[in-house]
Trainee: 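Here's a structure for you.
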Amino acid sequence: MKIATFNVNGINGRLRVLLRWLAEAEPDVVCLQELKAPQDRFPEGAIRNAGYGAIWQGQKSWNGVAILSRGTDPIETRRGLPGDELDSQSRYLEAAVNGVLIGCLYLPNGNPAPGPKFDYKLEWFARLTAHAAVLLTHQLPIALVGDFNVMPTELDVYKPERWMDDALFRPEVRQAFHELVAQGWVDSLRKMHPHERVYTFWDYFRNAWGRNAGLRIDHLLLSPELAKRLDGADVDRWVRGWEKASDHAPAWVRIHD
DNA sequence: ATGCCCTCGCAACGAGGA
């Protein structure tokens with residue numbers, strides 16, 4: 001079973017890229033972020049024609065998350081994180097697929113920091129961490145995957161000194177990520193590539209892709225029960241080089257039965 | 001210190017992204 005995450009940066013503008021990648025990579029489960037489409041503008045027909053069932057939580061212009069599953073429909077278990085009834089941003093969706101609980105998330109960017117957007121990021125992160133702790137008590141195979149907007153360590157940044165004051169790399173955010181993982185989650189990309197520079201994002205600016213000036217901000221965290229079955233993890237980097245590419249590349253894990 | 005590039009939108013001297 002292959003579980004992937006892909007920040008598409010606009011699902012309708014990016015549909016050809018998404019469909020091509022689905023056909024080539026054949027992931028079983030896909031978490032999408034940044035749909036940038038309202039609920040009624042999700043391209044359900046094209047996704048179904050590609051062989052995937054889907055659930056999604058759209059939002060006009062920004063955010064938006066979806067879970068796709070090949071040959072079956074995801075069974076939705078949650079829409080939105082608990083803890084803030086007033087939060088209207090579409091950033092969390094959860095479903096069961098073939099015996100694995102999938103949490104698909106798009107953590108806030110948080111720039112500029114400090115400021116209200118950074119406060120919202122930390123508050124959202126705290127709610128995610130609280131919910132993740134509850135999930136672990138079930139002792140089930142669980143994957144928490146998506147765009148976390150955090151580079152966990154200096155190995156995850158092409159030039160760490162340039163990012164020290166950025167909301168994606170500030171100490172508070174790295175600490176929050178560390179505390180989440182310390183609950184017992186396995187950072188699968190790092191586990192399979194302990195010393196390597198593995199990036200999932202390259203800015204559109206400054207020829208970042210051409211210079212390999214990347215960041216690792218998309219993560220696949222596995223519960224202990226699921227981590228036992230981890231067979232491989234990697235990034236489909238070449239997708240970033242396609243025409244009309246997203247600024248993120250898909251990242252994935254392979255899980256054995 | 002800022003723009004660079006890119007998306008969505010109902011058109012902007014824009015917002016947000018990371």
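Numbers restart at 1 for each chain; the letters A, B, ... are given by sequence-line order, proteins then strands.
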Trainee: In whole angstrom, give the distance that lies between atom CG of A/Leu107 and atom P of B/dG17.
Mentor: 12 Å

Trainee: Answer with base, sugar-phosphate or nothing: what part of the nucleic acid does A/Phe148 contact at a heavy-atom distance below 4.0 Å?
Mentor: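 The answer is nothing, as A/Phe148 stays clear of every strand by at least 4.0 Å.
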
Trainee: Is A/Arg197 close enough and on-axis enough to A/Tyr158, meaning under 6.0 Å and within 45°, for cation-pi?
Mentor: no

Trainee: Is the base of B/dC13 syn or anti, if syn means a glycosidic angle within 90° of 0?
Mentor: syn

Trainee: Measure from NZ or CZ of A/Arg174 to the centre of the six-membered ring of A/Phe169, then state whether that distance is under 6.0 Å and the direction lies within 45° of the axis.
Mentor: yes

Trainee: Report yes or no: is the cationic atom of A/Arg91 (NZ for Lys, CZ for Arg) under 6.0 Å from the centre of the six-membered ring of A/Tyr106, at an angle within 45° of the ring normal?
Mentor: yes

Trainee: Please report the distance separating the C1' of B/dC8 from the corresponding atom of B/dT2, rounded so that it comes out in whole Å.
Mentor: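 After rounding to an integer number of Å, I get 24 Å for this pair.
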
Trainee: Between A/Gln39 and A/Trp56, is there a donor-acceptor pair closer than 3.5 Å when you use the side chain of the first and the backbone of the second?
Mentor: yes

Trainee: Run the numbers on A/Phe148 and A/Phe177 for ring pair (Phe, Tyr, Trp, His ring centres under 6.0 Å), then give the verdict.
Mentor: CA-CA 9 Å; A/Phe148 285 67; A/Phe177 186 85; 5.8 Å; yes

Trainee: Can you check whether A/Leu220's main-chain N or O pairs, donor with acceptor, with A/Ser188's side chain at less than 3.5 Å?
Mentor: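 Side chain of A/Ser188 to backbone of A/Leu220, a donor-acceptor pair under 3.5 Å: yes, one is there.
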
Trainee: Once you round it to whole Å, what is the distance between P of B/dG16 and CZ of A/Arg91?
Mentor: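 After rounding, the reported distance stands at 11 Å.
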
Trainee: What does A/Asn7 touch in the nucleic acid at a heavy-atom separation under 4.0 angstrom: a base, only the sugar-phosphate, or nothing?
Mentor: sugar-phosphate

Trainee: Quick one: does A/Arg211's side chain have a donor or acceptor within less than 3.5 Å of a partner on A/Arg206's backbone?
Mentor: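 Side chain of A/Arg211 to backbone of A/Arg206: a pair is present.
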
Trainee: Are A/Leu226 and A/Leu230 linked, directly or through other ILVMFWY residues, by side chains that come within less than 4.5 angstrom of each other?
Mentor: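 Yes, it is one cluster - the side chains of A/Leu226 and A/Leu230 are joined through contacts under 4.5 Å.
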
Trainee: Walk along nucleotides 2-9 of chain B from 5' to 3' and tag each nucleotide B, S or - by protein heavy-atom contact under 4.0 Å, base first, then sugar-phosphate.
Mentor: -BBBSBSS

Trainee: Salt bridge or not for A/Arg48 and A/Asp73, using N-O below 4.0 Å?
Mentor: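 Yes, A/Arg48 and A/Asp73 are salt-bridged.
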
Trainee: Checking all strands, does A/Asp147 fall into the base, sugar-phosphate, or nothing category for heavy-atom contacts under 4.0 angstrom?
Mentor: sugar-phosphate

Trainee: List the atom of A/Trp209, the atom of A/Gly241, and the distance in Å for their closest heavy-atom pair.
Mentor: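 It is NE1-CA, 3.6 Å.
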
Trainee: Any sub-3.5 Å donor-acceptor pair from A/Arg162's side-chain atoms to A/Val157's backbone N or O?
Mentor: no

Trainee: Describe the nucleic acid contact of A/Asn149 in one word from base, sugar-phosphate, nothing, applying a heavy-atom distance below 4.0 Å.
Mentor: sugar-phosphate

Trainee: Which residues in residues 112-122 of chain A have at least one heavy atom lying under 4.0 Å from any atom of DNA chain B?
Mentor: A/Lys117

Trainee: With C1' as the reference atom in both, quote the distance from B/dC10 to B/dG14 in angstrom, rounded to an integer.
Mentor: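 It comes out at 12 Å once rounded to the nearest Å.
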
Trainee: In whole Å, measure the gap between the C1' atoms of B/dT7 and B/dA1 for me.
Mentor: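 Nearest-Å result for B/dT7 against B/dA1 at atom C1': 25 Å.
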
Trainee: Between which residue ranges does DNA chain B form stems of three or more consecutive Watson-Crick or G-U wobble pairs, both distances under 3.5 Å?
Mentor: B:5-8 with B:14-17

Trainee: Taking atom C1' in both B/dA15 and B/dG9, compute the distance separating them and give it to the nearest angstrom.
Mentor: 10 Å

